[in-house]
Visitor: 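Take a look at this one; I'll ask things after.
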Amino acid sequence: MVMDLAGIDFSAPSPEVARRLIGVTLLVDGVGGRIVETEAYDASEPASHCYAGLTERNFSMFGQPGRSYVYRSHGLHWCLNFVCREPDHGAGVLIRALEPLDDAAGLALMRERRGLDDVRLLCSGPGRLAQALGVTRAHNNLPLDAPPLVLLPRRREVEVLAGMRIGISKAVELPWRFVEAGSRFLSKPHRG
DNA sequence: GCAGGGATGAACT
DNA sequence: GTTCATCCCTGCA
């Protein structure tokens, strides 16, 4: 079965899905913004959580495409992924940064959750983004087309650049990080 | 039992 | 620009 959310086929390989997610709006309980940075992971490469096969932590990555995978990183941060490709294969896209929506109520809530005002630091990193949107373990393995999650198609074309992934020690050479060209809201500048 | 992690923020040069 | 402590849970020996 093919998940078609915000014009994206989540049964496609994860780099393809990661590229097409740039510019898409993500909301969690009405709070969020435009996705400006993603990274693809796949069971065929050792940086992925699903490389070693099905475990208790990563079970949602082996489920249906078009759902969420949330895990705890370094014991204190939560990170949000979108599951893609066929069941039993294991692949996903890490959502690394958002451009906060220009909405007063949502911005106030994100600032309160993050404990700071600077809009550029609200969602510029996977842990920061999860904190600003209130994502926790309770958001693991949820469908992306039902509350509290909402995906909205991009309203204009965006220029997407591919580069090397960040914060990993294996398979670092794969150009599976995707960013919106020129965005001020990236977790790190683009590196080709 | 233990090493290490898809990170962050503060404290540095 | 760079290192460093910190969180605690997962996975494998």
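Within every chain, numbering begins at 1; the chains are lettered A, B, ... in the order of the sequence lines, protein sequences first and strands thereafter. Worth saying up front: this structure is predicted, and the values here are computed from it rather than measured.
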Visitor: Distance check: side-chain N/O of A:R128 vs OP1/OP2 of B:dG9, anything under 4.0 Å?
Guide: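 Result: yes.
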Visitor: Heavy atoms only, 4.0 Å cut-off, all strands: where does A:S169 land among base, sugar-phosphate and nothing?
Guide: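 The answer is sugar-phosphate, as A:S169 gets under 4.0 Å only of primed atoms, P, OP1 or OP2.
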Visitor: Measure the distance from CD1 on A:I166 to P on B:dA7 and round it to the nearest whole Å.
Guide: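 Result: 8 Å.
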Visitor: What is the separation between atom CZ on A:R72 and atom P on B:dG5, rounded to the nearest whole Å?
Guide: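 Rounding to the nearest Å, CZ of A:R72 and P of B:dG5 are 18 Å apart.
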Visitor: Name the residue closer to the 5' end of DNA chain C, choosing between A:S73 and A:R137 according to the nucleotide with the nearest heavy atom.
Guide: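 Of the two residues, A:S73 wins.
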Visitor: Give a yes or no on whether A:D102 atom CG has more than 12 heavy-atom contacts from other residues, nucleotides or ligands under 6.0 Å away.
Guide: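 Counting neighbours around CG of A:D102, 12 or fewer heavy atoms of other residues, nucleotides or ligands fall under 6.0 Å, so no.
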Visitor: Here's one to test your reading of the geometry: is the NZ or CZ of A:R165 within 45 degrees of the ring axis of A:Y41 and under 6.0 Å from its centre?
Guide: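 Yes - A:R165 lies over the ring of A:Y41, closer than 6.0 Å to its centre and within 45° of its axis.
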Visitor: Does the side-chain ring of A:H74 lie flat on the base of B:dA7, meaning centres under 5.5 Å and planes less than 30 degrees apart?
Guide: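 According to the criterion (under 5.5 Å, under 30°), yes, A:H74 stacks.
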Visitor: To the nearest angstrom, how far is A:L121 atom CG from B:dT8 atom P?
Guide: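 In whole Å, B:dT8 P and A:L121 CG are 11 Å from each other.
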Visitor: Rounded to the Å, how far apart are A:L80 CG and B:dA7 C1'?
Guide: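 It is 15 Å, rounded to the nearest whole Å.
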Visitor: Count the heavy atoms belonging to other residues, nucleotides or ligands that lie under 6.0 Å from CD of A:E173, then report whether that count exceeds 12.
Guide: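 Count over threshold, so yes.
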Visitor: What's the closest nucleotide to the A:A52 side chain, out of C:dC12, B:dA7, B:dG9?
Guide: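 The listed nucleotide nearest to A:A52's side chain is C:dC12.
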Visitor: Under a 3.5 Å threshold, yes or no: a donor from one side chain and an acceptor from the other, between A:R114 and A:Q131?
Guide: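 Result is yes, a qualifying pair exists.
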Visitor: Using atom CD of A:E37 as one end and atom P of B:dA7 as the other, report the distance to the nearest whole Å.
Guide: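 Distance, rounded to whole Å: 10 Å.
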Visitor: Touch check for A:L94, heavy atoms < 4.0 angstrom, all strands: base, sugar-phosphate only, or nothing?
Guide: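 Result for A:L94 = base.
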Visitor: In whole Å, what is the span from the OH atom of A:Y71 to the P atom of C:dC9?
Guide: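 Atom-to-atom, A:Y71 to C:dC9, this comes out as 16 Å.
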Visitor: Please compare A:G127 and A:K170 by the position of their nearest nucleotide in DNA chain B and report the one closer to 5'.
Guide: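 It is A:K170 whose nearest nucleotide is closer to the 5' end.
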Visitor: Using a 4.0 Å heavy-atom cut-off across all strands, classify A:R96 as base, sugar-phosphate, or nothing.
Guide: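 Sugar-phosphate, backbone atoms only, no base.
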Visitor: Tell me: NE2 of A:H49 to P of B:dG4, nearest whole Å?
Guide: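 Atom-to-atom, A:H49 to B:dG4, this comes out as 16 Å.
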Visitor: How about A:S124 and A:R120: does a side-chain donor come under 3.5 Å of a side-chain acceptor?
Guide: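 Note: A:S124 and A:R120 side chains miss the donor-acceptor criterion.
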Visitor: Send over the distance from A:H77 NE2 to C:dT6 C1', rounded to a whole Å.
Guide: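 It is 9 Å, rounded to the nearest whole Å.
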Visitor: Please tell me which of the listed nucleotides, C:dT10, B:dT8, B:dA7, lies nearest to the side chain of A:C79?
Guide: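 Nearest to the side-chain atoms of A:C79, counting from C-beta on, is B:dA7.
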